[in-house]
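In what follows, every chain begins at residue 1, and chains take the letters A, B, ... in the order their sequences are listed.
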Amino acid sequence: MSSSSAFNDEKGGSSSVGEPEYGHDPASGGIFSSDYKRHDDLKEMLDSNKDSLKLEAMKRIVAMVARGKNASDLFPAVVKNVACKNIEVKKLVYVYLVRYAEEQQDLALLSISTFQRGLKDPNQLIRASALRVLSSIRVTIIVPIMMLAIKEAASDMSPYVRKTAAHAIPKLYSLDPEQKDQLIEVIEKLLADKTTLVAGSVVMAFEEVCPERIELIHKNYRKLCNLLIDVEEWGQVVIINMLTRYARTQFLNPNINESLLEEGGEKEFYASDDDEDDEEKKAEAAALAKRKPYVMDPDHRLLLRNTKPLLQSRNAAVVMAVAQLYFHLAPKAEVGVIAKALVRLLRSHSEVQYVVLQNVATMTIKRRGMFEPHLKSFYIRSTDPTQIKILKLEVLTNLASETNISTILREFQTYIKSMDKDFVAATIEAIGRCATNIGEVRDTCLNGLVQLLSNRDELVVAESVVVIKKLLQMQPEQHSEIIKHMAKLIDNIQVPMARASILWLIGEYCEHVPKIAPDVLRKMAKTFTNEEDIVKLQILNLAAKLYLTNSKQTKLLTQYVLNLAKYDQNYDIRDRARFIRQLIVPTDKSGALSKYAKKLFLALKPAPVLESPFKDRDHFQLGSLSHLLNTKAGGYQELPEWPDSAPDPSVRNVEVKDSVPEWSKCTSRKERKEKKVEKPFYSDSEGESGPTESADSESDSGSRSESDSEQTGSGSESEESVEESQSEEEEDEEEEKMKKKKKVDKSQPKKSESAESDQSSGEEQKKERKGVKQRRSGSESESEEESESESSESESGSEEDSESDTDTRKKKKTPASKPTAKDTKKESKKETKEISLLDLDDFAPTSSPQVTPVNNFLSSSLASDLEGLSLTDTVLAPTTIAPSASVRMYELLHRITGEGLGVEYCFNRQAFSPDPHMVAVQIHFTNNTSCETKNLHIEEPKLQSGMRIKEFPEIDMLPAGESVSVVMGIDFCDSTQAANFQLCTHTRKFFVSIQPPVGELMTPIFLTENEFKKEQGQLMGMNEISDKLTLGEKCQNDHSIIERVNATANLGRVPCGSDKDCRFAGKTVSSGSLVLVTVARKEGGGAQLTVNCEKMVIGTMLMKDILHALMQ
Amino acid sequence: MIHSLFLINNAGDIFLEKHWKSVISRSVCDYFFEAQEKAMEPDNVPPVIRTPHHYLINIYRDKIFFVSVIQTEVPPLFVIEFLHRVAEMFQDYFGDCSEVAIKDNVVIVYELLEEMLDNGFPLATESNILKELIKPPTILRSMVNSITGSSNVGETLPTGQLSTVPWRRAGVKYTNNEAYFDVVEEIDAILDKSGTTVFAEIQGVIDACVKLSGMPDLTLSFMNPRLLDDVSFHPCVRFKRWESERVLSFIPPDGNFRLMSYHVNAQNLVAIPVYVRQNISFFESGSSGRLDITLGPKQTMGKTVECVVVTVHMPKVVLNANLTATQGNYTYDPVTKILVWDIGKLNQQKLPNLKGSLSLQSGAPKPEENPSLNIDLKIQQLAISGLKVNRLDMYGEKYKPFKGVKYVTKAGNHGHFVVTNWKLHNILASPFYV
């Protein structure tokens, strides 16, 4: 078998170095190192034609690698076999390659082409494994190849390949962090994936690459919650941990009201030491709670509901993840459910116990009641390892209360008899802590501890002394007997800490034992030189205190001790002696301080607080490495505090508006289909609510859309041709996809039919919106495809909406007018039981004046919308405010940083009428707070020279929950420099900046083909930039090219005769320089892109953007 | 996540290393050795060790330390659970997870580790998938391989990873379709000197051995599911069905697996099957002591108690024991100070008794503590909680399987028995009067 051969090899290998016959070998003179010789036989085997020999060689090599032996000199011989037919040889070569590629970068490049071929293989598993190995080779030169491969794989048909792509993302990121932005785009796209296979891996990638981009989760939040139960265990852990953080930023603290109640009643009743929250927090929370009663966000509820069953997982990490989620997010009344599951984990391996107990210890401090019923599960077994025992002791101590203290103490007394001395010491300390926490048992404990002082084991005695010392400090008067008893012990106890403690006690309370104290000092003076340092310090202390209280008896003794200390070896003791002498012994030139000597030495000392080392650990996310170590580990993401007011919940409504980059839109449909093919395993119909329900509704809607598509006509041919190249095994998926495509193609005509036939309000609205949409798309040569893909996605939005609680949604008044309008639309649609396939999200509130009065609040919000609009610049016609379909929204001010004021902007590509040299920027304000915002205006623009701003007119008032859009103009001077200014409200100022993509700095112009060619002729040489590119898979036809170029830059299409070329023309807004773009398609998916522009910088940047758009 | 893995034996040799990202020098293990030295016993090595640049998360299993190197924040349980999964996988593949087995199969081990993690993130941890990728070694196969030159790596790529039931491999075929379920329960109890139960609980597991063709969908129901207080499931079990109907509905993995583990909520009503009368005393003078232990059956529901073993951890001063047992054999190890009395079957008529004297170190003070007794025993044909399987139904396939739910069988490869671990703590008069 392989192993024996491996060891033979090793022996052979090492011995051959020193073996004389090799040394005498004439071939090994000079040039050839012994290393070269060493693996000669292996090289021969690898070069042979026989697979079995190769395999044998590879096995031996891998065995060497496994043992940590260096096998790098075999690299060239091994890498040759990367294309070997034998699967096992191939795999072992991969193993070797991944291990050594980093050291032999140049040679590793030889293997790359094999993987690139593998990436195109019809078999999805081969594609995946090729990507896996390719991305594991840590060679910086291939970063672009990896990037390309990942992007391609991210839109692969097979979810398994997409999963592998997600795995590859962190690999590439660690290799070249500069790729972050591009990788985030891929992550964003994969997050939208609806398969369980991908979900865990992509969230892992998200956590490693861009955990701060929490906004990417919004749209996928509900989907992730619903998929969770079907995701594999490891993915579940990562997703749950991430969602915990997400929920902390998005929802309100569910315990606001509880802590308020507690404050009113329970708190006063038990004036105990174990307060749950600190006062300050409570006051704050109370204030909040007074303002509005707490209603849990349905999304918050969804998360709690969908994670709960996972407490039953066999995987300890999953259980712990859910437990920490509940601990951090659930209302207090519900947290209890996790206790049982955590207690169950205590029966697992000792390492698991160790981690779980650490977390339980932290939880018991905050929520003792939760684990009280399970008290006995924390009882210590004699077979437990010491570290487990000590943790259990910690938990027991935390759980101790008036009611159970007797049981716990009884348990503790058995522990004291243990043979494990560390554990005994910990037990005694635990008793001390119980005694301080629970006043009723303080005396009992003290008595018990005093009895322990007669224990034969010195360690027990010493530990008891230390604990007694702490306890006595709380009420010394009553315990002079104990102090006397301890004074006697000084003859026997040798443990320095205990001796020091006794001396300190006697010194501190020398007034209670006036006769004994001087005697103790006398004894100690005798043994002074032999004592440990801490004991010596306490002797000095005792002497000083006695001198101050009883100088008659102890004056000489003290001086004697001080003299001894003066010549001590330890400088701390010498210093202390000098210090004390100056303070207490009155001399002629004694300083001013000596007057205060009494105050200094005999001041009342505060009693020590015996508290758990786990106190306040819960500011670390439980279950994390950082929590375990109680320090921040690298890459740890802070668990944010609850927000004071909930951010806009409508961000989780799935809609297309922004965030999804253009190139991913085409695939989202496909992925939706795949989700359907892969029917969720757990979609049993019997589930009453939660994930099952949603899974059902999802697959229902899937089949619904399928049947719809069957009714409609034929599909688009271009799409089919692409799909024909797919492998057979994905036939199903393909079919689905085609159907979907058909459906989508046909949906528009179908739409208008249904609008005619159906009188429902939702339909009417939709018709209205569609009208707007069509008008616009006509005028702007908007591509059909894009709007369709949007419609399909918005459909999914409505799906998800229907899952959430209708009641609570109705109650909500906060969302901004635009989202509200959308919500209500969806709602009204639901009420009429109308399932629509087309639900265009991007209708402008202004362009739907007649709304059926189904919902009162809809009309009211619309009214306020109009109100808001009336305040805007009168110069602007309402049409300019309507955002166009392809417009991408950018964030100007996040609603968290803006304290509830969210501001987004987009380039609406309209002419800015007050000044034609300015770019129109539409700004959309949303007031998410519960009070109105006043006097919104711009102040102090900080601009690059030449730049100008035409401010929008001040908005006097923006009521709570409303939103408004205005248009401002900026002359960017044809540069992509950001325009910085301050956005002011009546209370605050926010620094914001608008940075235009280069494509927005231009405006389309109309040219004929001849004019175009003429102008192009004049812009040759330096003004022409040209590059070859490979068109992305989804971008093979004119249609999509035009769509993409248009999405990137605000250019007009130039009509042309040849169907191979696409031409676009425009001029820059500020200076009016011509911008000409030509995309010439070639055979085999290649293309030539040419940009002619007087402004070379603009040309170059535009080139880059368009290239990027077309390559996807 | 997991950067590297080192396997270390008790002697401190690193006998296997695997890196999933760039190579980390094995000198990082020095921190582990330091902690190991400090801990004295392998049990006490902290599972998480901090070093200046890395974190070491380790488990100790079958005399091997699995030490993983972590660089950034990761839930520690995630790593610990995974490492145990790796150990279980070795056990599954090679029969045991010993150093020898791993060294003998080092190539397969390496291939397994390669498949289980990708870039440090778990990829395939289901044994059904892995077995499709990499066939477990058998003597027959290794012989055939050496003759024909074929390999252990599956020729076909596994489709399991692509399915919605990743734990089950596709295309399973058996001539005899059988499904066996073993209900195994453990009592965990602490009694005080007087025999009163301080603490008692019952844990149980249902281990399954399912060899069924195709894609069977099974439903297992209990007569008295309310007994089960806390349960955890194999991922194949549908949570929702359990919650609403208290039945286990699942598509089983192929082969052996643990279907569920449970906890029985019986508070102190746990029937303790035996009773103990014991008297261990040490004399102040003469450095000797006396020991007298008698065991008898208590609530056994008419079944025989077997494999009874009593273990006593003696105080350090006990040098030797001179005892006579009416039944079974006893051994005393003067080094570890452990007295083991192997009784075997518990006889109803003649109660087993162990009696005799203990010799103590002369001059040493008499031990103030009485040792605690640990009792292991086994009862067959009985689930002590009274849990009973009602029926097993199969859907999705046409053939008729042979079904067996056995509480009772002599232990074979997968035994059916009830184990009771019973610990007894002695409590002496104490300094506390609460």
Is the shortest side-chain N to carboxylate O distance from [X] to [Y] below 4.0 Å?
X: B/E243; Y: B/R238; result: no
X: B/D229; Y: A/K340; result: yes
X: B/E245; Y: B/K240; result: no
X: A/E56; Y: A/R60; result: no
X: B/E111; Y: A/K59; result: no

Which answer fits [X], side chain, backbone, both or neither, if we ask what part of it has an atom under 4.5 Å from a heavy atom of chain B?
X: A/Y636; result: both
X: A/V355; result: side chain
X: A/K50; result: neither
X: A/E102; result: side chain
X: A/S129; result: neither
X: A/R99; result: both
X: A/N241; result: side chain
X: A/L53; result: neither
X: A/E440; result: neither

Are B/F82 and A/W234 near enough that their ring centres are under 6.0 Å apart? yes
Determine whether more than 12 heavy atoms belonging to other residues, nucleotides or ligands lie under 6.0 Å from atom NZ of A/K308. no
Chain A heavy atoms under 4.5 Å from [X]: which part of the residue, side chain, backbone, both or neither?
X: B/M1; value: both
X: B/V79; value: neither
X: B/I80; value: side chain
X: B/Y110; value: side chain
X: B/W20; value: backbone
X: B/E126; value: side chain

Just by distance, no angles: are the side chains of [X] and [Y] close enough, under 3.5 Å, to form a donor-acceptor pair?
X: A/R347; Y: B/S261; value: no
X: A/H627; Y: A/Q324; value: no
X: A/S624; Y: A/S626; value: no

Going by the angle between their ring planes, with limits at 30° and 60°, are B/H19 and B/F6 parallel, tilted or perpendicular?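 Rings of B/H19 and B/F6: perpendicular, over 60°.
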Counting heavy-atom pairs under 4.5 Å to chain B, which of [options] comes out on top?
options: A/V352, A/V98, A/V343; answer: A/V352
options: A/S201, A/S313, A/P170; answer: A/S313
options: A/G200, A/A321, A/A316; answer: A/A316
options: A/V318, A/T386, A/L310, A/V62; answer: A/T386
options: A/E103, A/E208, A/M320, A/K171; answer: A/K171
options: A/R132, A/M204, A/Q621; answer: A/R132

Under a 4.5 Å heavy-atom cutoff, which of B/R258, B/K21, B/Q71 has the most pairs with chain A?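 Winner by heavy-atom pair count: B/K21.
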Test ring-ring contact (aromatic ring centres under 6.0 Å, His included) on B/F250 and B/H234 and set out the steps. CA-CA 9 Å; B/F250 56 98; B/H234 188 275; 8.7 Å; no
